[in-house]
Number of protein chains: 2
Amino acid sequence: MATTTQNQTKRAVFELRRRIMNGELTGGTRLYEVALAEELDISRTPVREAMSRLAEEGLLERASGRGFMVRSFAYNDVVDAIELRGVLEGTAARLAAERGWEEARMSAVQETLAQLEKSVGSQPENVDFESYYEFNARFHDELGMLCSSEVVQRELDRAKSLPFASPSAFLPDQRALRDFHLSLIVAQSQHRGLVEAILARQGARAEAIAREHAMIARRNLEYILRDAAGAKPASLALLVE
Amino acid sequence: MATTTQNQTKRAVFELRRRIMNGELTGGTRLYEVALAEELDISRTPVREAMSRLAEEGLLERASGRGFMVRSFAYNDVVDAIELRGVLEGTAARLAAERGWEEARMSAVQETLAQLEKSVGSQPENVDFESYYEFNARFHDELGMLCSSEVVQRELDRAKSLPFASPSAFLPDQRALRDFHLSLIVAQSQHRGLVEAILARQGARAEAIAREHAMIARRNLEYILRDAAGAKPASLALLVE
DNA sequence: CCTTGTCGCAATGTATACATAAACCCGTCG
DNA sequence: CGACGGGTTTATGTATACATTGCGACAAGG
């Protein structure tokens with residue numbers, strides 16, 4: 001058979017992550033090795049390996065002696081994850097300001113900032129959502145890498161990978177478009193302020209802005225939950241920051 | 001043979017962690033499944049399982065396609081880990097102040113604080129080091145649990161488990177005793193201030209104190225490294241906060 | 001002498017059989 | 001009728017054989 005037989009683990013990781021993020025597997029669900037192995041038509045070993053990696057990522061948790069469970073993220077947990085992400089991003093920004101940065105990385109940040117600027121546009125109708133989400137994610141990633149501390153970078157990455165801590169897409173309906181565009185403008189001004197503060201080596205200010213910035217994500221979370229009340233978990237992934 | 005055959009994984013985890021913390025395994029070292037399996041006289045499976053768990057803890061890192069490596073902690077990383085711990089502890093304290101706490105947990109914190117008080121004593125000669133370390137660790141643990149956010153608690157626990165981020169013992173020589181006692185007094189006043197700030201629901205102040213508090217750990221790190229220059233990694237575990 | 005291709009080894013990836021422990025079911029006894 | 005106990009079932013823990021890949025050594029050719 002032509003099967004690769006070498007990427008079973010990756011496949012399992014991918015598939016499990018997809019199911020969790022989609023809401024097919026909801027929090028608290030126990031995962032059974034044998035069942036998954038049969039379902040994916042692989043052996044228990046790569047399944048275990050995959051679950052182990054997802055536990056590392058924070059999507060699963062070990063239930064000692066009882067395999068793994070899907071980690072549950074209630075509304076409050078999502079809010080906390082956003083809070084945490086803001087705190088860590090703030091720390092990263094402060095450290096960058098305090099300790100300095102590599103010029104190349106700063107250039108990258110500034111370039112992305114400029115592209116982000118373009119994609120927002122001045123009128124609600126002109127927003128290029130697709131680019132916006134792409135550049136926004138890139139901006140935050142590059143911002144994190146600006147700080148020289150690998151320890152902080154690592155934890156920040158972890159925090160960002162927590163479900164919905166780093167929402168990636170939300171297409172507002174006609175009615176919401178205006179509000180939404182406004183929040184993009186605010187976010188963008190925070191992005192600019194953040195970079196300026198770091199350049200001016202004002203660590204405390206940079207940190208404060210980063211934390212403030214996280215509140216936009218939180219507000220949008222509330223907005224969506226109120227508006228699309230019956231939404232499936234999947235739609236939680238459709239937030240913007 | 002009487003072997004339990006059921007706790008092989010735990011044994012392997014324990015042994016590996018011990019070696020890493022002792023400095024027998026230094027950063028960057030690659031771990032080989034077969035070698036370890038033979039050495040511990042168990043099969044590869046529990047060894048893999050153990051390495052996987054230690055990766056989750058942050059002590060090892062996956063080298064894709066090449067097993068695991070001992071995560072390396074240079075001096076700067078240790079400093080960063082302390083910084084990170086301070087930030088997260090500050091966040092936990094702030095959230096506790098902002099969102100409230102369970103009365104039972106607060107009682108526990110206050111009781112531990114009182115016992116900590118006793119073990120410091122008023123004179124350098126009277127310090128009961130053993131109790132001090134015990135109660136200090138307990139105090140910080142209970143403080144973390146005060147905040148209702150599981151997400152933050154979890155990351156805080158992770159940060160504390162990073163090598164040397166949460167130093168546990170340091171017995172000063174005669175010459176350093178006085179300085180050391182002084183730092184304990186400062187630390188203790190911070191502990192008190194932290195609890196007071198939370199009780200007064202002053203989140204920002206609590207956060208600031210927690211961060212300041214972490215600096216004591218950092219200063220002691222520097223102190224030891226300067227004093228006992230040739231010390232093995234093991235002695236890094238002998239810091240105080 | 002340097003370059004390049006191939007072969008072989010060593011290490012991890014995968015499958016699977018077997019061991020063990022805990023949950024469950026059911027029957028019996030109080 | 002409920003609670004306890006033993007057997008059965010089920011899921012994870014462990015051992016081990018086999019597959020596959022990546023790297024290095026060695027040889028052949030430029």
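For clarity, every value in this text was computed on a predicted model and none was experimentally measured. Here is the naming used below: chain letters follow the sequence lines, and residue numbers restart at 1 for every chain.
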Within this structure, what is the [atom1]-to-[atom2] distance between [X] and [N], rounded to whole angstrom?
{"X": "Glu38(A)", "N": "dA15(C)", "atom1": "CD", "atom2": "P", "result": "13 Å"}
{"X": "Met69(B)", "N": "dT12(C)", "atom1": "CE", "atom2": "P", "result": "13 Å"}
{"X": "Asn7(A)", "N": "dT12(C)", "atom1": "CG", "atom2": "C1'", "result": "13 Å"}
{"X": "Arg48(B)", "N": "dA11(C)", "atom1": "CZ", "atom2": "P", "result": "14 Å"}
{"X": "Arg66(B)", "N": "dC9(C)", "atom1": "CZ", "atom2": "P", "result": "21 Å"}
{"X": "Glu49(A)", "N": "dA19(D)", "atom1": "CD", "atom2": "C1'", "result": "16 Å"}
{"X": "Leu60(A)", "N": "dT12(D)", "atom1": "CG", "atom2": "P", "result": "13 Å"}
{"X": "Gln8(B)", "N": "dA19(C)", "atom1": "CD", "atom2": "C1'", "result": "11 Å"}

- [ ] Would you please classify the geometry between the Phe139(B) ring and the His191(B) ring as parallel, tilted or perpendicular, with 30° and 60° separating the classes?
- [x]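 If you compare the ring of His191(B) with that of Phe139(B), the planes turn out tilted.
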Please tell me if the side chains of [X] and [Y] come closer than 4.5 Å, counting only heavy atoms from C-beta onward.
{"X": "Glu150(A)", "Y": "Arg71(B)", "value": "no"}
{"X": "Leu16(B)", "Y": "Leu36(B)", "value": "yes"}
{"X": "Phe68(B)", "Y": "Arg62(B)", "value": "yes"}

Listed nucleotide nearest any side-chain atom of [X], set [options]:
{"X": "Tyr32(B)", "options": "dT12(C), dT14(D), dA15(C)", "value": "dT12(C)"}
{"X": "Pro46(A)", "options": "dA15(D), dT12(D), dT14(C)", "value": "dT14(C)"}
{"X": "Ser43(B)", "options": "dA15(D), dT16(C), dG13(D)", "value": "dA15(D)"}

Task: 5′-ward residue of the pair Phe68(B)/Thr45(B) relative to DNA chain C - done: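 So the residue in question is Phe68(B).
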Open item on the list: Judged by each residue's nearest nucleotide on DNA chain C, which is more toward the 5′ side, Arg44(A) or Glu33(B)?
Closed with: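 It is Glu33(B), whose closest nucleotide lies nearer the 5' terminus.
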Task: Trace of the side-chain hydrogen bond (donor to acceptor under 3.5 Å, both in side chains) decision for Thr9(B) with Glu49(B) - done: CA-CA 7 Å; Thr9(B) 297; Glu49(B) 179 71 17; 5.6 Å; no
Open item on the list: Please classify the nucleic acid contact of Arg62(A) as base, sugar-phosphate, or nothing, using heavy-atom distances under 4.0 Å.
Closed with: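 Touches nothing.
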